[in-house]
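Just so we're clear, the structure is a prediction, and the values are computed from it rather than from any experiment.
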Amino acid sequence: MRLSKAQYDEIALFISTLRPTRQCMKRLKERFPCQSQSTLLSIFSQEYQKMIKRTHAKHHTPEAVEMYYARYLNEVARDPKVPILLELANEVDFSPALMARTVLERFLEDHDGQPPTKPVLSSMLRDPSLIPDPVLANQVHLCIINDCFNGPLVDGIKHAIGHEHEVLLRQKLKEHNLAFLDEDQLRLKGYDKTPDVILEVPVAVDGHVIHWIESKASFGDEASHKTYLHDQFWSYWNRFGPGLVIYWYGFIEDLDCNRERGILLKDGFPETLVMLGSCMAQTDEHGQHTKNCLNETHQETES
């Protein structure tokens with residue numbers, strides 16, 4: 001789904017008025033009924049992550065950390081069954097998963113006499129039963145399962161969705177008899193930074209020849225696309241030539257501005273491909289060498 005910049009800005013502005021709860025997606029869908037649920041969810045998640053980055057510093061000052069930890073200790077002493085950390089996160093407009101991480105890190109510093117290592121902290125957030133205090137373990141668990149846009153549970157879901165779309169891409173390529181190398185095969189060949197697939201024989205899409213395809217199970221907004229261009233896409237272009245990026249949940253249409261430079265954007269598998277056959281040397285009856293080049297066949301993909 002391609003959105004104009006004005007359409008995207010309208011959605012982003014409405015999102016800024018919502019709290020990150022399960023009910024917010026219902027309101028978002030009611031306000032923008034013509035947009036798909038997946039597209040709206042992806043945009044909401046990205047806007048929420050931007051807000052988290054903007055407010056990260058104020059929630060991690062020593063004063064804020066001590067205040068959150070003291071509030072937790074005082075409230076849990078009164079009634080350990082109340083979801084204190086979840087309520088505190090909602091009160092100060094902070095991600096529940098990040099609130100849990102902040103308080104858990106402070107608790108472990110008291111418990112062990114030193115700050116925990118990142119692997120230890122991450123493992124406890126993934127599996128709260130590892131936390132030595134059962135009351136805090138339950139509080140952390142409630143934060144993790146009630147955070148719709150952050151934390152290890154959400155990270156696992158995002159990873160699974162990303163993998164699902166990579167599998168979908170490979171299935172589409174096989175359906176159209178396109179030979180390709182995937183990331184695992186490319187790493188075995190010694191490549192460290194690679195797109196999801198490299199086509200063994202290039203194809204033409206919308207009149208542009210492409211050599212590789214990158215799958216993104218997200219919406220392409222300005223911030224994420226700029227980062228991907230810098231960190232990934234131009235590197236792929238330098239090494240492998242022009243390619244195609246599929247933003248499965250849509251993108252801002254103005255971002256598809258690098259076609260002539262060699263990077264195309266699509267919101268799904270291309271509807272029309274031009275298969276480019278290899279040039280093969282042939283010898284005619286007079287012993288003269290000729291070439292049979294670019295044996296083109298148009299192939300319509302399933303819509």
Side-chain angles (χ1 to χ4, degrees), residues 1-3 25 35-46 49 126 148-206 208-221 224-225 227-229 231-237 239-252 255-256 262-276 297 299-303:
M1 182 169 291
R2 300 165 66 104
L3 298 182
M25 288 309 303
Q35 310 298 341
S36 75
Q37 182 88 358
S38 297
T39 294
L40 293 174
L41 179 59
S42 183
I43 295 174
F44 190 104
S45 178
Q46 290 169 334
Q49 294 300 325
R126 287 193 300 269
C148 304
F149 301 99
N150 222 320
L153 184 60
V154 173
D155 290 343
I157 293 171
K158 288 181 178 178
H159 179 77
I161 292 173
H163 178 70
E164 176 185 339
H165 284 81
E166 290 172 12
V167 170
L168 174 61
L169 172 60
R170 292 196 292 269
Q171 287 175 342
K172 289 288 188 182
L173 292 169
K174 290 176 181 177
E175 286 173 8
H176 296 91
N177 298 315
L178 293 175
F180 63 90
L181 298 174
D182 62 22
E183 283 182 294
D184 294 335
Q185 293 169 310
L186 290 166
R187 288 196 183 98
L188 290 175
K189 290 179 174 288
Y191 293 106
D192 54 348
K193 184 180 289 188
T194 68
D196 290 314
V197 300
I198 290 180
L199 302 172
E200 296 199 81
V201 178
V203 300
V205 176
D206 298 344
H208 299 271
V209 175
I210 64 166
H211 295 261
W212 52 267
I213 304 177
E214 177 74 4
S215 170
K216 294 297 182 188
S218 61
F219 181 87
D221 67 358
S224 62
H225 185 63
T227 300
Y228 287 140
L229 279 171
D231 295 345
Q232 297 181 352
F233 303 159
W234 288 126
S235 296
Y236 302 160
W237 180 88
R239 180 169 292 185
F240 306 111
L244 168 68
V245 178
I246 300 177
Y247 283 112
W248 294 100
Y249 297 148
F251 57 91
I252 298 173
L255 300 179
D256 192 16
I263 296 178
L264 282 70
L265 303 187
K266 287 283 189 181
D267 58 0
F269 196 80
E271 296 179 358
T272 304
L273 298 173
V274 178
M275 323 298 287
L276 305 179
T297 59
Q299 182 167 338
E300 299 289 335
T301 66
E302 295 178 5
S303 57

With T227 via side-chain contact (heavy atoms from CB on, under 4.5 Å) - residues at least two apart:
D231

Beyond-backbone contact of Y249 with I43, side-chain heavy atoms, under 4.5 angstrom:
no

Step by step, would you call V205 with L273 a side-chain contact (heavy atoms from CB on, under 4.5 Å)?
CA-CA 5 Å; V205 176; L273 298 173; 3.6 Å; yes

I263 side chain near W234 side chain, heavy-atom distance below 4.5 Å
yes

Working to the nearest 0.5 Å, report the span between CD of E164 and CD1 of I157.
12.0 Å

Excluding sequence neighbours, so at least two apart, what forms side-chain contact (heavy atoms from CB on, under 4.5 Å) with L41?
M25, F149

Ring centres under 6.0 Å, that's the criterion: do F240 and W212 meet it?
no

Kindly write out the residues that satisfy side-chain hydrogen bond (donor to acceptor under 3.5 Å, both in side chains) with S218, not counting sequence neighbours, or none if the list is empty.
none

F180 side chain reached by K174 side chain, heavy atoms, under 4.5 Å:
yes

Does E214 have any side-chain hydrogen bond (donor to acceptor under 3.5 Å, both in side chains) partners at least two apart in sequence or in another chain, and if so, which?
K216

CG/L181 to OG1/T194 distance, rounded to the nearest 0.5 angstrom?
10.0 Å

Sequence-distant partners of H225, ring-ring contact (aromatic ring centres under 6.0 Å, His included), two or more places apart:
F233, Y247

Please report the shortest heavy-atom distance between S36 and M1, naming the atom on each side.
N-CE, 3.9 Å

Work out which heavy atom in V209 is nearest to a heavy atom in H211; give both atom names and the distance.
CG1-NE2, 4.0 Å

Would you say L169 and H165 make side-chain contact, with heavy atoms under 4.5 Å?
no

What one should report as the nearest heavy-atom pair of R2 and L265 is NH1-O, 4.3 Å

Keeping to residues at least two apart or across chains, list the side-chain hydrogen bond (donor to acceptor under 3.5 Å, both in side chains) pairs with something in residues 151-162.
S45-K158

Does F251 have any ring-ring contact (aromatic ring centres under 6.0 Å, His included) partners at least two apart in sequence or in another chain, and if so, which?
none

Flag side-chain contact, heavy atom, 4.5 Å: I252 against F219
yes

Any Q49 side-chain heavy atom under 4.5 Å of N150 side chain
yes

Using the side-chain hydrogen bond (donor to acceptor under 3.5 Å, both in side chains) criterion, which residues pair with D267? Sequence neighbours excluded.
none

Would you give the length of the straight line joining atom CG of D206 to atom NZ of K266, rounded to the nearest 0.5 angstrom?
3.5 Å

Partners meeting side-chain contact (heavy atoms from CB on, under 4.5 Å) with S224 (sequence neighbours left out)
Q46, D221, Y228

For D196, the salt bridge (charged side-chain N to carboxylate O under 4.0 Å, His left out) test, sequence neighbours excluded, returns none

All heavy atoms of L178 vs all of M275, minimum pair found to be CD2-CE, 2.6 Å

With a 4.5 Å heavy-atom cut-off, do L264 and V245 have their side chains touching?
no

With sequence neighbours excluded, what pairs up with D192 under the salt bridge (charged side-chain N to carboxylate O under 4.0 Å, His left out) test?
R239

Rounded distance (nearest 0.5 Å) linking atom CD1 of I210 with atom NE2 of H208
11.0 Å

To the closest 0.5 Å, what do you measure between CD1 (I213) and CZ (F269)?
5.5 Å

With sequence neighbours left out, the residues meeting salt bridge (charged side-chain N to carboxylate O under 4.0 Å, His left out) with R187 are E183, D184

When rounded to the nearest 0.5 angstrom, what is the spacing between CG in L244 and OG in S215?
10.0 Å

